[in-house]
Amino acid sequence: MKKLVAANFVDKEEFFEGKRVLLDFMENFDREDCVFVGNTFSGFVPIVCENHESESYRARSFRFNVGALHQYILISETESRYIDELIPGDKVLIRNGIDTYKQLPIARIKKEIRPFVKMKFKSDEQNIEVILQSNATVSILTENGIKLLNDFNQGDTAYVLKWGKASHLGSIRNEFCEEI
């Protein structure tokens, strides 16, 4: 498996409303367990499970809020899928907080219309973006643990997983591809 690397947080911009996706599992996750989501195939951002409370939301340690349905999500150490293609029973790659990986089947998928933010990161001149629900419970894995979206400031760092230039049916391809 490729290693997580630090990336600088560049910008957060309010995005449109659209369908956000929740992935529910038949397992409880630890605070730093995460799945990998990316707006483009260049890289993925580790999205942490909703295993923390907010003022208006109880912890849901079985759930990942993976953002916009058009994005990529890792299903294995070498393959991705579009989030919208997932169905209950499909397996998704999950990183345990101790840097081990496993695939677990999805129990339920929930889609709802919500507002989004686009989070932009940069690592070694490579841009990595993710479009997530603008919500107080969505968080990303950083070198210092989890960080809520609303707490990111320009210059902060987060982990990212650099990936590839192009994909075909979920596999990495070494060919020209431009996603913006």
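Heavy-atom basis, side chains included; hydrogens, waters and symmetry copies ignored.
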**Q** So for atom CG, which belongs to D124, do other residues, nucleotides or ligands contribute more than 12 heavy atoms lying within a distance under 6.0 Å?
**A** no
**Q** Mind checking whether V160 and Q126 have side chains closer than 4.5 Å, heavy atoms only?
**A** no
**Q** Any side-chain heavy atom of N65 within less than 4.5 Å of one from L22?
**A**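 They are in side-chain contact.
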**Q** Should we count CD of E77 as having more than 12 external heavy atoms under 6.0 Å?
**A**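 Yes.
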**Q** Okay, side chain of N96, backbone of I98: is any donor-acceptor separation there less than 3.5 Å?
**A**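 No, because the side chain of N96 does not come within donor-acceptor range (under 3.5 Å) of the backbone of I98.
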**Q** Measure the spacing between CD1 of I128 and NZ of K122 and express it to the nearest 0.5 Å.
**A** 11.0 Å
**Q** With the threshold set at 4.0 Å, does a side-chain nitrogen-carboxylate oxygen contact exist between R81 and D90?
**A**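 Salt bridge: yes.
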**Q** Let's go through V35 and I47 carefully: what are the C-alpha distance in whole Å and the side-chain angles of both, what is the deciding distance for side-chain contact (heavy atoms from CB on, under 4.5 Å) to 0.1 Å, and is it a yes or a no?
**A** CA-CA 5 Å; V35 296; I47 307 302; 4.3 Å; yes
**Q** Same cluster or not: L141 versus V130, using hydrophobic residues (I, L, V, M, F, W, Y) connected whenever any side-chain heavy atoms lie under 4.5 Å apart?
**A**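 Different clusters.
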**Q** Any side-chain heavy atom of I131 within less than 4.5 Å of one from H70?
**A** yes
**Q** Does N51 reach the side chain of I146, with side-chain heavy atoms less than 4.5 Å apart?
**A**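 N51 vs I146: side chains apart.
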**Q** Can you list everything that forms a ring pair (Phe, Tyr, Trp, His ring centres under 6.0 Å) with F25? Sequence neighbours excluded, please.
**A** F29, F64
**Q** Mind checking the CD-CZ spacing from E14 to F116? Nearest 0.5 Å is all I need.
**A** 13.0 Å
**Q** Closest approach of L69 and V21, non-hydrogen atoms and distance?
**A**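 Here L69 and V21 meet closest at CB-CG2, 3.6 Å.
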**Q** Are any non-hydrogen side-chain atoms of I140 and F121 less than 4.5 angstrom apart?
**A**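 The answer is yes, as the side chains (C-beta and beyond) meet within the 4.5 Å cut-off.
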**Q** E143 and A6: which non-hydrogen atoms are nearest, and at how many Å?
**A** OE2-CB, 3.7 Å
**Q** Are more than 12 heavy atoms, taken from residues, nucleotides or ligands other than E112, located less than 6.0 Å from that residue's CD atom?
**A** yes
**Q** Looking at every heavy atom in both G89 and P105, which two are closest together, and how far apart are they?
**A** O-CB, 3.7 Å
**Q** Tell me the closest heavy-atom pair linking G145 and E32, and the distance in Å.
**A** CA-OE2, 3.3 Å
**Q** Over all heavy atoms of both residues, which pair between Q103 and S76 is shortest? Give the atoms and the distance, please.
**A** NE2-CB, 3.7 Å
**Q** Side chains of S139 and L148: closer than 4.5 Å at any heavy-atom pair?
**A** yes
**Q** Is K162 atom NZ crowded by more than 12 heavy atoms from other residues, nucleotides or ligands, each under 6.0 Å away?
**A** yes
**Q** With the side chain counted from C-beta on, respond yes when K12 and N150 share a heavy-atom pair under 4.5 Å apart, and no when they do not.
**A**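 Yes, side chains in contact.
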**Q** Would you call R60-D24 a salt bridge at under 4.0 Å N-O?
**A**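 Looking at R60 and D24, the cut-off is not met.
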**Q** Any donor-acceptor pair under 3.5 Å linking the side-chain atoms of N144 with those of T142?
**A** no
**Q** Taking ILVMFWY side chains as joined if any heavy atoms are under 4.5 angstrom apart, and letting links pass through other members, which residues group with I87?
**A**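 Traced through the cluster, I87 reaches no other member.
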**Q** Could you check if a side-chain atom of S80 sits within less than 4.5 angstrom of a side-chain atom of F44, using non-hydrogen atoms only?
**A** yes
**Q** Heavy atoms only: give me the nearest N153-F9 pair and the separation to one decimal.
**A** O-CD2, 3.2 Å
**Q** State yes or no: do L104 and I73 share one hydrophobic cluster built from I, L, V, M, F, W and Y residues joined by side-chain heavy-atom distances below 4.5 Å, directly or via other members?
**A**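 As far as the 4.5 Å side-chain criterion goes, I73 and L104 are connected within one cluster.
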